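Report on the following structure.
Whatever order the structure lists ligands and atoms in, that order sets their numbers, starting from 1. Everything numeric in this text was worked out from a predicted model, so none of it was measured.
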Amino acid sequence: MSKTVQQDSQRIDALREQIRTLNYHYYVLDDPQASDPEYDRLMAELKALEDRHPALVTDDSPSQRVGGKAEEGFAEVVHAVPMLSLDNGFEEQDIADFDRRVRERLEGIDSVEYFCEPKLDGLAISIRYEKGRLVRAATRGDGRTGEDVTANVRTIKSVPLRLQGDGFPDVLEARGEVFISHAGFEAMNEQARRDGSKLFVNPRNAAAGSLRQLDSSLTAARPLEIYFYGVGEVSESLAERHSEMLDRMKSFGLRINPEVKLVEGAAGCLSYHADMASRRSSLAYDIDGVVYKVDRLDQQRELGFVSRAPRWAIAHKFPAQEETTVVRNVDFQVGRTGALTPVARLEPVFVGGVTVSNATLHNMDEIERLDVRVGDTVIIRRAGDVIPEVVKVVASRRPKTAKRVSMPTQCPVCASDVIREEGEAVARCTGGLVCAAQRKEALKHFASRKALDIEGLGDKLIEQFVDADLLHSPADIYRLRKHADTLKEWDGLGEKSVDKLLASIEKSRATTLPRFLFGLGIREVGEATAQQLALHFGSLDKLMSAEIENLVQVPDVGPIVASRIHDFFSESHNRSVIKDLVAALRWDDLDSVGDGPRPLEGLTFVITGTLDSMTRDEAKQQLQALGAKVTGSVSKKTDFLVAGEAAGSKLAKAESLGVPVLDEAGLKKKLAE
Ligand code: IVH
């Protein structure tokens with residue numbers, strides 16, 4: 001070998017070693033030791049050297065992940081040790097029974113140690129290492145024979161092509177689950193959307209499809225990952241316990257899920273289950289349950305197998321998040337702003353731990369994308385607290401009688417015209433407050449906590465009052481007291497609760513301008529915009545007479561929002577409701593920022609503790625109306641701290657920084673100055 005070839009060869013070895021170590025820290029220890037660009041530079045250097053010296057390329061070089069096309073499909077692989085499945089348990093009792101059976105078989109053992117692992121929802125894979133080199137990877141198949149997917153598995157970056165160190169046995173079949181994280185799944189679908197190709201239904205299907213690509217360069221572009229959880233054939237035993245075995249596998253560079261835990265008895269298993277169930281939705285990937293395994297391998301051997309599952313392990317499943325069911329009908333629900341949302345009425349199914357009979361279809365675009373028809377069998381998903389949704393139609397089970405869904409041209413509630421504006425995904429009922437559905441939603445919004453905050457006037461009651469013709473507009477809420485006697489006769493409403501409700505309605509008459517504006521439910525006007533509008537104009541009159549060019553002066557108000565606000569106040573029906581409300585309510589106008597004096601301009605205040613005569617929000621508004629800036633934390637830049645009762649750490653900080661402190665009387669003096 002010439003000198004330069006020798007030097008290059010040494011450099012190649014060094015780079016491979018360095019990259020393998022970086023991979024190990026990144027994937028196995030979850031402790032990156034280099035930035036991405038740094039890693040990329042090393043890899044580029046290695047590839048360049050290998051290009052220069054093709055003779056020096058080896059199979060287990062970290063640069064050699066992609067290659068090989070399986071033109072003829074995948075070859076069969078017979079598993080030397082069959083890949084088993086697991087018994088399932090769902091209830092606590094199933095786990096107690098499992099633990100009892102284990103103890104009965106292991107005579108003389110009172111309490112068993114179990115190793116608990118998340119049950120990932122992906123695909124089982126068996127990867128064979130000989131003398132530390134990856135020689136074959138196979139799918140589970142029917143447990144005895146699987147498919148040779150070596151070329152594809154080699155592209156998974158968390159699968160080492162070569163084991164680390166020298167303590168590994170000559171033959172080691174490492175088994176684990178190949179999966180795609182939620183983030184990886186979103187990215188894949190994002191790409192599919194850009195390409196206009198079909199979306200993947202869930203991460204599991206995406207992983208399965210990726211692993212079965214005939215061209216491994218396609219698999220390489222998919223975000224597949226792996227966690228190992230066991231072994232198949234091994235030439236020598238690795239440990240005396242399952243937990244120690246996984247520790248050793250980890251030391252060879254095989255990635256083990258960090259969420260695993262050793263526990264004692266069925267009680268330990270159940271508390272692990274509860275913990276993982278509560279964290280399920282915040283994990284980076286889907287799990288469909290947890291697995292408990294007897295930790296001592298001698299005990300595992302003693303317990304043995306029944307048919308195709310070990311007696312020493314059980315999967316404790318979570319309620320399924322996906323189920324199939326039939327669409328009985330599609331209805332359209334009308335929201336506060338008139339938006340029509342299609343809702344699938346379903347044959348009830350138990351999914352995600354509850355019985356579901358409705359699922360949202362979002363909008364017409366979504367119906368078209370999924371091609372959902374009445375009568376279709378569909379897969380629905382309910383994950384965590386998320387609203388159930390239809391993810392896919394099972395096309396092969398579509399009956400001949402299946403009916404297409406179309407957007408109604410008339411509102412199903414009030415029969416007003418439905419229009420779909422250019423470029424918008426949603427169609428809307430044009431009925432406004434004439435539409436009972438919009439009225440109900442508008443009233444719920446008006447009474448809600450961040451608006452008029454009418455305690456006791458909940459969604460159910462509002463619906464009943466609208467249906468009974470007691471409420472047409474928000475102003476009618478303040479006329480309910482005339483109906484006190486009728487209300488007291490109502491089912492479910494007693495004398496006491498009616499009195500309480502009327503009292504809280506009375507209380508809500510004293511409000512603030514921002515709450516009132518938010519409560520009107522003008523499209524695009526949320527809490528923050530309502531606040532800005534109140535501050536800018538100071539009074540309702542000024543706001544109502546503002547032109548678009550005045551409105552766009554307000555922070556966060558663009559031309560679209562400005563025209564929504566302008567349209568809302570131009571509508572005669574809205575003006576008459578507002579007139580009624582103004583007569584029923586009271587609030588203090590603010591000095592408008594737009595034109596009033598701004599004596600506190602340039603000063604920064606922080607408010608803490610409880611004030612007597614006003615809330616912190618009200619104090620903030622008054623200060624802002626005079627031009628002050630009000631922030632949340634004390635710093636050297638703070639000019640005054642307003643400290644009410646029970647002020648805590650902010651007061652201490654202000655004192656330590658020498659920031660002047662005002663009590664409530666001091667604040668009032670400042671406001672009056
Ligand atoms: S152990 C002999 N552990 O569940 C034990 N399996 O129903 C064999 N799975 O095909 C499996 N996470 O795909 C085991 N931590 C885990 C697992 C796990 C997911 C899958 C695996 C297997 C199926 C068994």
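- In terms of heavy-atom proximity, Pro310 sits nearest to Ser85 at CD-O, 3.2 Å.
- Only the backbone of Pro118 comes within 4.0 Å of ligand 1, counting heavy atoms alone; no side-chain atom from C-beta on gets that close.
- If you check the side chains of Tyr114 and Asp99, you find a donor sitting under 3.5 Å from an acceptor.
- Ranking the protein heavy atoms by distance from atom 15 (N) of ligand 1 puts Glu117 OE1, 2.7 Å first.
- Note on ligand 1: Gly122 sits outside its first shell, no heavy atom being nearer than 4.0 Å.
- Listed by number with element, the atoms of ligand 1 under 4.0 Å from a non-hydrogen atom of Arg140 are 10 (O).
- At the top of the distance list for atom 2 (C) of ligand 1, counting protein heavy atoms only, stands Pro310 CG, 3.6 Å.
- Here's the thing with Trp312: none of its N/O atoms is less than 3.5 angstrom from an N/O atom of ligand 1.
- Residues Thr58 and Asp60 have side chains that bring a donor and an acceptor to within less than 3.5 angstrom of each other.
- Considering only non-hydrogen protein atoms, atom 8 (C) of ligand 1 sits nearest to Leu84 O, 3.8 Å.
- A side-chain N or O of Thr219 and one of Asn152 form a donor-acceptor pair less than 3.5 Å apart.
- Residue, atom and distance of the protein heavy atom nearest to atom 13 (O) of ligand 1 are Glu177 OE1, 2.6 Å.
- Nearest-residue assignment for atom 12 (N) of ligand 1 (options Leu86, Leu120, Asn88; heavy-atom criterion): Leu120.
- Among protein heavy atoms, the minimum distance from atom 6 (N) of ligand 1 is reached at Tyr229 CZ, 3.5 Å.
- Looking at atom 3 (N) of ligand 1, its nearest protein heavy atom turns out to be Lys293 NZ, 3.0 Å.
- Judged by distance alone, the side chains of Gln33 and Asp31 do bring a donor and an acceptor atom under 3.5 Å apart.
- A donor-acceptor pair shorter than 3.5 Å can be found between the side chains of Tyr292 and His316.
- At a heavy-atom cutoff of 4.0 Å, ligand 1 is contacted by no atom of Met83, backbone or side chain.
- Side-chain atoms of Thr155 and Arg65 form no donor-acceptor pair, as typed in the model, at a separation below 3.5 Å.
- Considering only non-hydrogen protein atoms, atom 23 (C) of ligand 1 sits nearest to Lys119 NZ, 3.9 Å.
- Using modelled atom types, one finds no donor on one side chain facing an acceptor on the other under 3.5 Å when comparing Glu76 with Thr145.
- For the residue pair His242 / Asp295, no side-chain donor-acceptor distance below 3.5 Å is found, with atom types taken as modelled.
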